[in-house]
Amino acid sequence: MDLSKIPSVELLNRLEKLTRTERKITHLILCHINEVESRRLYAELGFDSMFKYLTKQLGYGEDSAYRRLQAARLLKQVPAVAEKLEEGTLNLTQLTQVQKCIKQEIRLGHKVDAQQTTHILEEIQNKSSFETQKYLAQEFNHPIQTYEVIKPQQDNGFRLELTFTEKQMKTLHQAKDLLSHILPHGNWAELFTLLAKKHIQKEMGKSTKNVDSVKNVIEAEKPDNSDITEKTDSAQKLTPSFTTQRKRKNIKITLKRKLLKKANYCCEYVAPITGTKCKSTYQLQIDHHIPLARGGSDSPENLRILCRTHNLLFAQQWGLS
């Protein structure tokens, strides 16, 4: 199917329509799963469980089959879920999380009736998976895991399990966003390691033999399109937008900080059609309203904060990429 010649507005309308259709089909699939399970038709086909039927006969992956099966069982208990699922205010992952909590409560001898379940589902509408997990932990009074666990792995690595307070996690997320230029695809392990190396070098010097150079870490993680954005070692990781033949002046860190504060530490892009503001905090960069290559200046009035995605979008619109 070649979609390259379809106008953008039509393409977006098609995708939205397909998404609504997909949600409706998902609801119908859950209803069919419940009916097949209630009739035990999977047993007549030679499978010992509905899960096996979904994976072996229908070809679902194990995670996909598990989510649909748990969501279907929750739908059976609370039929109103169907409407929320079709609207998109609830999704399969959320329904699975709720169903898991309900099953755990039942194992502990606690009753969770349909009224309480309905209330929970109303509260988690339009929430992310992370926000849903947080709400469920509070609703069901899950015990706080405060111990630390270090488990050896077969490759001589280690698995580390930690518990952070809300304030600590907020600080870590901020550090991860500010270092996203150095670690564009970095996980938490890479972030902790980089922060540790930086501190060790600060205390012991860059010539320390026991520690790899942070510069090597930066170069190893540098993306292929690094000619578009330049990196610095500053904790306020904001980059000028695009390279030009004209010699670029370094933007003072004080100005960078002012621009960041003015932008409320997030991307300032606003969609012209919907008015939606991006607000991303990932790989923030300094962008020129009018690029240097098109006669723009480095004056504060010509500068703004954009995430890398929208920086590249404007570069494409200006014909600079």
Side-chain angles (χ1 to χ4, degrees), residues 19-147 149 161-170:
T19 301
R20 290 193 296 270
T21 303
E22 181 183 32
R23 289 199 295 261
K24 185 173 183 179
I25 291 175
T26 298
H27 159 226
L28 294 176
I29 289 174
L30 297 184
C31 291
H32 281 70
I33 287 175
N34 277 333
E35 188 62 24
V36 170
E37 186 173 37
S38 65
R39 298 187 191 184
R40 296 185 181 274
L41 297 181
Y42 60 84
E44 296 181 15
L45 296 175
F47 299 98
D48 62 357
S49 68
M50 189 65 189
F51 179 79
K52 285 284 186 66
Y53 170 72
L54 292 174
T55 54
K56 302 298 183 181
Q57 180 70 16
L58 300 186
Y60 281 110
E62 293 184 353
D63 289 341
S64 296
Y66 179 77
R67 285 197 301 270
R68 282 159 178 77
L69 188 56
Q70 297 303 315
R73 290 169 178 170
L74 186 60
L75 173 63
K76 191 173 183 178
Q77 181 185 359
V78 186
V81 166
E83 182 180 352
K84 305 300 181 184
L85 195 61
E86 287 193 27
E87 292 174 350
T89 56
L90 291 173
N91 57 55
L92 290 178
T93 300
Q94 290 176 295
L95 300 184
T96 302
Q97 292 171 341
V98 172
Q99 182 66 7
K100 286 173 64 176
C101 288
I102 292 175
K103 289 173 64 177
Q104 179 63 25
E105 289 297 299
I106 293 175
R107 292 193 196 100
L108 296 174
H110 303 154
K111 183 180 179 181
V112 181
D113 57 26
Q115 184 177 357
Q116 182 182 358
T117 304
T118 301
H119 172 72
I120 291 171
L121 293 172
E122 290 175 351
E123 291 296 319
I124 65 173
Q125 289 184 73
N126 298 310
K127 292 185 182 295
S128 66
S129 177
F130 181 84
E131 292 170 333
T132 299
Q133 288 181 331
K134 180 179 178 180
Y135 173 82
L136 293 175
Q138 295 172 340
E139 176 69 19
F140 290 107
N141 197 27
H142 291 171
I144 298 174
Q145 306 294 331
T146 58
Y147 56 85
V149 178
E161 297 179 12
L162 301 173
T163 301
F164 297 97
T165 65
E166 182 178 7
K167 185 176 181 180
Q168 289 171 331
M169 202 64 201
K170 183 177 180 180

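The analysis underlying the following values was restricted to heavy atoms, covering all of them including side chains, and did not include hydrogens, waters or symmetry mates.
Rounding to the nearest 0.5 angstrom, the gap separating the CD atom in Q104 from the CZ atom in F140 is 10.5 Å. Atoms CD1 and NZ, on I33 and K76 in that order, are 12.0 Å from each other to the nearest 0.5 Å. To the nearest 0.5 Å, atom CD of residue Q70 and atom CD1 of residue I102 are 10.0 Å apart. Atom-to-atom distance recorded for N126:CG and T132:OG1 is 10.0 Å, nearest 0.5 angstrom. The structure places OG1 of T96 at 8.5 Å from CD of Q99, a figure rounded to the nearest 0.5 Å. Here CD of Q57 is found 12.0 Å from CG of L41. Values are rounded to the nearest 0.5 Å.
Scanning all heavy atoms of the two residues, the minimum distance from Y66 to K100 falls at OH-CG, 3.3 Å. Nearest heavy atom pair, residue A71 against residue L92, reads CB-CD2, 3.6 Å. Here the shortest heavy-atom pairing between L30 and R68 reads CD2-O, 3.3 Å. In plain terms, the two heavy atoms of N34 and A72 that are nearest each other are ND2-O, 2.7 Å. The two residues A82 and L75 make their nearest non-hydrogen contact at N-CD1, 3.5 Å. A pairwise comparison of heavy atoms in T55 and G61 identifies CG2-O, 4.2 Å as the closest pair.
With Q94 contributing its side chain and N91 its backbone, the two residues share a donor-acceptor pair below 3.5 Å.
Legend: residues meeting side chain to side chain contact (heavy atoms under 4.5 Å, CB included) with H32, ordered by chain and number and at least two apart, are absent. For F47, the ring-ring contact (aromatic ring centres under 6.0 Å, His included) test picks out Y53, with sequence neighbours left out. Judged as a salt bridge (Lys or Arg N to Asp or Glu O under 4.0 Å), and not counting sequence neighbours, the contacts of R73 are E37. A search for salt bridge (Lys or Arg N to Asp or Glu O under 4.0 Å) contacts involving E161 returns K151, R159, not counting sequence neighbours.
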Only pairs under 3.5 Å count here: list side-chain donor-acceptor contacts from residues 111-122, not counting sequence neighbours, and write none if there are none.
{"unit_1": "D113", "atom_1": "OD1", "unit_2": "Q115", "atom_2": "N", "d": "3.3"}
{"unit_1": "D113", "atom_1": "OD1", "unit_2": "Q116", "atom_2": "N", "d": "2.7"}
{"unit_1": "T117", "atom_1": "OG1", "unit_2": "Q77", "atom_2": "NE2", "d": "3.4"}
{"unit_1": "T117", "atom_1": "OG1", "unit_2": "D113", "atom_2": "O", "d": "3.0"}
{"unit_1": "T118", "atom_1": "OG1", "unit_2": "A114", "atom_2": "O", "d": "2.8"}

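Sorted by first and then second residue, the pairs that involve residues 20-29 and meet side chain to side chain donor-acceptor pair (under 3.5 Å), not counting sequence neighbours, are H27-E86.
Tested against T89 for a side chain to side chain donor-acceptor pair (under 3.5 Å), the candidates E83, K127, Q125 yield a single pass: Q125.
Between E35 and R39, at least one side-chain nitrogen of the basic residue sits less than 4.0 Å from a carboxylate oxygen of the acidic one, meeting the salt-bridge criterion.
Atom CZ of F164 has more than 12 heavy atoms from other residues, nucleotides or ligands within 6.0 Å.
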Can L69 and Y60 be said to form a side chain to side chain contact (heavy atoms under 4.5 Å, CB included), step by step? CA-CA 11 Å; L69 188 56; Y60 281 110; over 6 Å; no
